[in-house]
2 protein chains.
Amino acid sequence: MKSSKIKEIALKFFTIHGYEGASLSQIADHVGMKKQSLYAHFKGKDDLFLQVLQDAKEAEMSSKLQYLRKVDTDNPKADLYGYLQLVIDLFQQSEQLKFWLRMSFFPPVHLAAAINEEVIDIETKIQSVLESKFQAWIDNKAIMKDEALIPTLAFLGVVDSIMLELVYGNDEKRLKDKLNASWTVFWRGISQP
Amino acid sequence: MKSSKIKEIALKFFTIHGYEGASLSQIADHVGMKKQSLYAHFKGKDDLFLQVLQDAKEAEMSSKLQYLRKVDTDNPKADLYGYLQLVIDLFQQSEQLKFWLRMSFFPPVHLAAAINEEVIDIETKIQSVLESKFQAWIDNKAIMKDEALIPTLAFLGVVDSIMLELVYGNDEKRLKDKLNASWTVFWRGISQP
DNA sequence: CCTATATTGACGAACGTTCGTCAGTTATTT
DNA sequence: AAATAACTGACGAACGTTCGTCAATATAGG
């Protein structure tokens, strides 16, 4: 399918240059066609962008939810660390997560409302699943007794900080160090003494 | 000084729309002049941008270093939490930190090298000062014994996650919750048991 | 099976608009 | 009078978008 190829290239350009900085002629060039031909597949720049956004959202959400579905109530340490690894893998094997991160925090103004809706949607879903997992671990005495919201939000904070490090990107060692540091302190902070 | 006014407006537009999305005519409009008149104060768009960047860098660095200079070896809990509060205050009382964050992670490509140099500079300076503080707290047995790099990077991770929450912006309660959660777990993870 | 008819995808050309920039001129200030 | 800062006017280049057209493919009826 040709429109998949277009979206793939467009994803790269939107990620690197932002919405305003990505031009249809550049995208078309890399696809191997003229910018006018893009209009046979998409109504316009906004339409292309929003479809790329939808794809990225669905990819991220399904990956994360699929992982969380396999998480049981016994191994919080391995499962949480595995989630961080999943995020790192997703980031490095596709541009979709970086695109998603950029657009959720620095959206093009005229599409901010539509984007925000999707961000809220994915965020509440992930948080709610995660919070119930933490509650189960707490009930199971696998981690320290606490309000489930506390470790949930703290963990999401760790995820965010790791993603920022991934965006920054050009220092593999620093990523390992930061992951190790954040994870060590986080786990100490929620595990049974 | 009129060029300060221009930079102030430009900061807002660069922050909201990014480098490519911010136009000189819009900036000039809000200043109250024609875009061509901007050239009496700046060589061009790049020059304006880089001066705004310099100002933002110096403001952030001096604020943070000034705060850290007053930190002694006795009260890690209050001083670290105060640092997080400082970041929040900086974010809310000026756009410079948000601008800085956007440009360090999603720079305009043709200025990425120059921006990255500044980012590296400020980051290594802050980290080095912070690490020596953590070392002093460890020596002083004010926090758990550990390699100083671990709590340092973990703390910088907390700072990053709080800043992301600030960028996201439109939920004061969520900010308080996330700050509380991240801080609680972080402090548990580095304090003496 | 063959022909007529839609449908699709890509194209060159052009649209109006905006972009950043430069040159020359007027106005303001010291 | 000299200098600084704002103005007007114009520039080529690029932007997203629309148009009419042409080739290739898929669909239809006799």
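Chain naming here is simple, since letters A, B, ... match the order of the sequence lines and numbering starts at 1 in each. Excluded from the calculations below are hydrogen atoms, water molecules and symmetry mates; all remaining heavy atoms, backbone and side chain alike, are included. Remember, predicted model here, so these are calculated numbers, not experimental data.
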All salt bridge (Lys or Arg N to Asp or Glu O under 4.0 Å) counterparts of [X], not counting sequence neighbours:
| X | answer |
| --- | --- |
| Lys145(B) | none |
| Lys178(B) | Asp160(A), Glu165(B) |
| Asp121(A) | Lys57(A), Lys125(A) |
| Glu95(B) | none |

To the nearest Å, how far apart are [X] [atom1] and [N] [atom2]?
| X | N | atom1 | atom2 | answer |
| --- | --- | --- | --- | --- |
| Leu38(A) | dT8(C) | CG | P | 18 Å |
| His110(B) | dG20(C) | NE2 | C1' | 11 Å |
| Phe13(B) | dG20(C) | CZ | P | 12 Å |
| Phe42(A) | dT8(C) | CZ | P | 15 Å |
| Leu48(A) | dT17(D) | CG | P | 10 Å |
| His17(B) | dC19(C) | NE2 | P | 11 Å |
| Lys45(A) | dT18(D) | NZ | P | 14 Å |
| Ile27(A) | dA14(D) | CD1 | P | 16 Å |

So, using side-chain contact (heavy atoms from CB on, under 4.5 Å) as the criterion, who are the partners of Asp139(A) when residues are at least two apart? Gln135(A)
Considering residues at least two apart in sequence or located in another chain, which fulfil the side-chain contact (heavy atoms from CB on, under 4.5 Å) criterion with Ser25(A)? Ser23(A), Lys35(A)
Looking just at side-chain N and O atoms, do Tyr81(B) and Asn75(B) make a donor-acceptor pair shorter than 3.5 Å? no
Which protein N or O atoms sit under 3.5 Å from an N or O of nucleotides 6-10 of chain D?
unit_1	atom_1	unit_2	atom_2	d
dA6(D)	OP1	Lys2(B)	NZ	3.2
dA6(D)	OP2	His41(B)	NE2	2.3
dC7(D)	OP2	Lys34(B)	N	2.8
dC7(D)	OP2	Ser37(B)	OG	2.9
dG9(D)	N7	Gln36(B)	NE2	3.4
dG9(D)	O6	Gln36(B)	NE2	2.8

Give a yes/no on whether any side-chain N or O of Ser25(B) is located under 4.0 angstrom from OP1 or OP2 of dT18(C). no
Less than 4.0 angstrom between a side-chain N/O of Ser23(B) and OP1 or OP2 of dT18(C), yes or no? no
Please list all pairs passing the salt bridge (Lys or Arg N to Asp or Glu O under 4.0 Å) test where one or both residues lie in residues 184-193 of chain A, with sequence neighbours left out. Arg188(A)-Asp146(B)
Could you work out how much the helix from dC1(C)-dG30(D) to dC19(C)-dG12(D) bends, comparing the axis of its first five pairs with that of its last five, to 10°? 10°
What class does the angle between the rings of Phe186(B) and Phe155(B) fall in, given that below 30° is parallel, 30 to 60° is tilted and above 60° is perpendicular? tilted
Side chain of Tyr39(A) only, please: which of dT18(D), dC19(C), dG20(C) is the nearest? dT18(D)
Which is true for Ala22(A) with a 4.0 Å heavy-atom rule: it touches a base, it touches only sugar-phosphate, or it touches nothing? sugar-phosphate
